Amino acid sequence: MSDLATARKILKQVFGFDDFRPGQGEIVAAVLSGDPVLAVMPTGSGKSLCYQLPALMSDGLTLVVSPLIALMRDQVGQMRALGLCAATLNSQSSEEEAGETWRQIRDGSLKLLFVSPERLAMDGLTEALSRGKIARIAVDEAHCICEWGHDFRPEYRLIRQSVEKLGAIQAIAFTATADAAMRAEIAERLFDRAPKIFLHSFDRPNISLAFAAKDQPRKQLQRFLAARRGQSGIVYCASRAGTERLAEFFGEQGFDTLCYHAGIEQGRRNANQDRFLREDGVVAFATIAFGMGVNKPDVRFVAHADMPSSIESYYQEIGRAGRDGLPAAAYTLYGLDDMALRRRQIDEKDLSDERRRFEHQRFSALASLCEAVACRRQLLLAHFNEKSEPCGACDFCRGEIKTRDGTIEAQKALAAVYRTGQRFGQAYLSDLLMGADSEALRRNQHDQLKTFGVGADRSKAEWASTFRQLFAVGALRAASAEHGGFALTEKGDAILRGRETFILRADPPREKSAGKWSRKPAREIDEFASGDGKVFEALRKLRRELAKDEGIAAFMVFADRTLLEMAERRPATLDDLRGIHGVGERKLALYGDAFLEAIAQASE
Ligand code: ADP
Ligand code: ZN
């Protein structure tokens, strides 16, 4: 039997999957052939399987370098749930655990060992390991090696030395974010010869994308969450205080909430993360400190209460939703304040001019995605150099964004900036356009300008939105670091002089009656719950009980998708059950009877 055919058999027997996901088959084959491999695949595409499966098929140990202890613990838990011999060595392992792990390394029974880059570089580890048989080293989150990346971890630079000390074993690396320059950097710093590179689409068609300008942000968020009650999700906030305020507010609204940021004491922080991973239906309000360790397949939504810092971070953060491939939602709120804050942060960092320009560009890309008047997914993928058709599922494609030609309004706004000397902010300029009775305007004699009052037909909110959109598309820039003043860019000049047009998007109308939220579940849940609701709920309950008994996360018993398939197909025998997604031999033996009984009971 060929390696790949054997791999397929194990895929079904051990993992319970009928088929490889796109890209996995080729990568597994390359790994088994012994070549160095660099695979760039989006979050949730199943990177881990590409080293787990070969690890089972190879003689010797697969060493996995992973940046976070929480992530490792989780993976070890999942491997053990499948009946595989896996362990981690880290600062939190007890002496007893470590002793057992070393015994397994010596007798060759350990298949996967997870270590952090720091641990790997520590004195003596490679020496001790090289006494056993090491099949290969797999480096997870390999982009952490890149200096200009958003997750730079200097310890990653030490991995290469360890590989050499281990006798130039096969190295394989995985990441979800790496553009061409980063791929070159990873290839150079991690490998001793050119790796085979695999690139997989960044498309995550199951995540629907939506953005909204902040109007009444708490209400906007409430509307989004109310449609998703009972689901697990993450709400990212820019500040620690923000996470606490919102967690409390939504807790009072009856949501099962928790809070996570770097200011919370370590023990409680870990406990919170654990609770999020294990329990169903918890909403985490978090700063970006809540991230890489969140390897939970059934996160149904990711919302941004404040604007993320770049498209790359946005993509990574929303990527934590819908890893199981079922429908999930991403919702991002943004405002002029967010944009100004992010720009200021970039200006205040100690950076070279070149690097600063790069960071500003990176942020601009996100700002224009927020204000875009085109398919969000198409733009997002274009950012990663992928061509695609309009998705049909984002807010733009669903027709939720109204647009029209706004060149005239833009010209009025830009003229106001220009004629007042390019130093005033949005509030002042809106007053000018509306012809407001204002002491400040009179003092500067701006009530004498031709632009005074030319925009009296629109509201202040409309003008604010126009300025924000001009800023987002790069027609305006900040005049100085401290004040909120605007100056024209080249693009702004082109619009003002009629060489370019400007498409204006209407902000969503305000909610008229506060407090009356639609209870209609969100679209993606309708699809999600299309199976038999009663059976599905019964299975979820059983899963929760089993997970609690064993002290593991619910999804480690079975994934949502597995339960949905059971609810739909109603297997009656162990053999029927074997045919269902995610049911491998070990889980069949452990849980099969209990689930068959629950299905039979709930179907009566
Ligand atoms: P990544 O590391 O790329 O973010 P994971 O390795 O965590 O993604 O995989 C995401 C989810 O996909 C996991 O729940 C995993 O069990 C599941 N998965 C992986 N490979 C397959 C497959 N071939 N078929 C079905 N599900 C899979
Ligand atoms: Zn779309």
Side-chain angles (χ1 to χ4, degrees), residues 7-8 10-12 14-28 39-53 64 66-68 71-72 74-75 77-79 81-82 84 138-143 173-177 198 200-211 277 291-299 315-326 328 330 369 372-382 388-401 553-562 565 580-584 587:
R8 241 177 239 288
I10 296 179
L11 183 70
K12 181 65 198 159
V14 176
F15 294 87
F17 302 145
D18 289 326
D19 231 317
F20 284 119
R21 287 218 181 130
Q24 284 177 331
E26 295 99 285
I27 296 174
V28 167
V40 184
M41 300 163 82
T43 316
S45 57
K47 286 186 288 298
S48 334
L49 189 104
C50 300
Y51 57 80
Q52 291 163 350
L53 188 51
V64 185
S66 172
L68 287 179
L71 205 71
M72 295 190 246
D74 218 55
Q75 288 230 26
Q78 287 183 46
M79 293 297 88
L82 295 174
L84 307 181
V139 180
D140 208 0
E141 313 280 358
H143 63 279
F174 301 87
T175 174
T177 41
F198 295 86
H200 274 277
S201 173
F202 278 82
D203 198 8
R204 299 282 308 277
N206 61 317
I207 306 179
S208 68
L209 311 176
F211 294 77
L277 292 176
M292 280 204 274
V294 187
N295 207 337
K296 181 177 165 72
D298 54 358
V299 175
Y315 181 80
Q316 208 172 41
E317 284 148 24
I318 64 165
R320 298 190 176 117
R323 280 170 180 247
D324 53 9
L326 294 172
L369 178 64
V373 285
C375 170
R376 312 282 194 177
R377 182 187 313 284
Q378 208 171 23
L379 289 173
L380 183 61
L381 290 174
S388 62
E389 295 298 309
C391 73
C394 70
D395 50 359
F396 181 82
C397 289
R398 291 196 303 253
E400 288 162 15
I401 296 172
F555 70 81
M556 289 184 190
V557 174
F558 283 128
D560 278 359
R561 175 158 165 207
T562 304
E565 265 194 42
I580 286 194
H581 169 95
V583 185
K587 290 190 180 176

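This one's a predicted model, so the numbers in the text were calculated from it and none came from an experiment. Start at 1 and go down the list; that is how both ligands and their atoms are numbered.
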Looking only at N/O atoms, are Arg561 and ligand 1 under 3.5 Å apart anywhere?
->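 In fact, backbone or side chain, Arg561 has no N or O that close.
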
Leu53 side, atom CG; Ser48 side, atom OG - distance, nearest 0.5 Å =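 The distance works out to 12.0 Å.
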
Below 4.0 angstrom from a heavy atom of Gln24, which ligand 1 atoms are there? Numbered from 1 as shown, please.
->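 Those atoms are 19 (C), 20 (N), 21 (C), 22 (C), 23 (N).
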
Can you list the atoms of ligand 1 that are under 4.0 Å from a heavy atom of Pro42?
->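 Contacts of ligand 1 toward Pro42, numbered from 1: 3 (O).
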
For [atom], what's the nearest protein heavy atom and its distance?
{"atom": "atom 17 (C) of ligand 1", "result": "Arg21 NH2, 3.7 Å"}
{"atom": "atom 25 (C) of ligand 1", "result": "His581 CE1, 3.2 Å"}
{"atom": "atom 14 (O) of ligand 1", "result": "Pro297 CB, 3.7 Å"}

Protein N, O or S within less than 2.8 Å of the Zn ion (ligand 2), waters excluded |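 Near the Zn ion (ligand 2), below 2.8 Å, one finds Cys375 SG, Cys391 SG, Cys394 SG, Cys397 SG.
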
Which is closest to atom 9 (O) of ligand 1 in terms of heavy atoms, Gly46, Gly325, Gly319, Ser48?
->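 Of the listed residues, Gly46 has the closest heavy atom.
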
Heavy-atom nearest neighbour of atom 15 (C) of ligand 1 within options Phe17, Phe20, Phe15 |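 Residue with the shortest heavy-atom distance to the ligand atom: Phe17.
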
Flag, side chain of Lys47 to backbone of Met41, donor-acceptor distance under 3.5 Å =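 Yes, Lys47 side chain to Met41 backbone: donor-acceptor pair under 3.5 Å.
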
In chain order, what residues pass the side chain to side chain contact (heavy atoms under 4.5 Å, CB included) check against Asn206, with sequence neighbours excluded?
->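 Arg204.
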
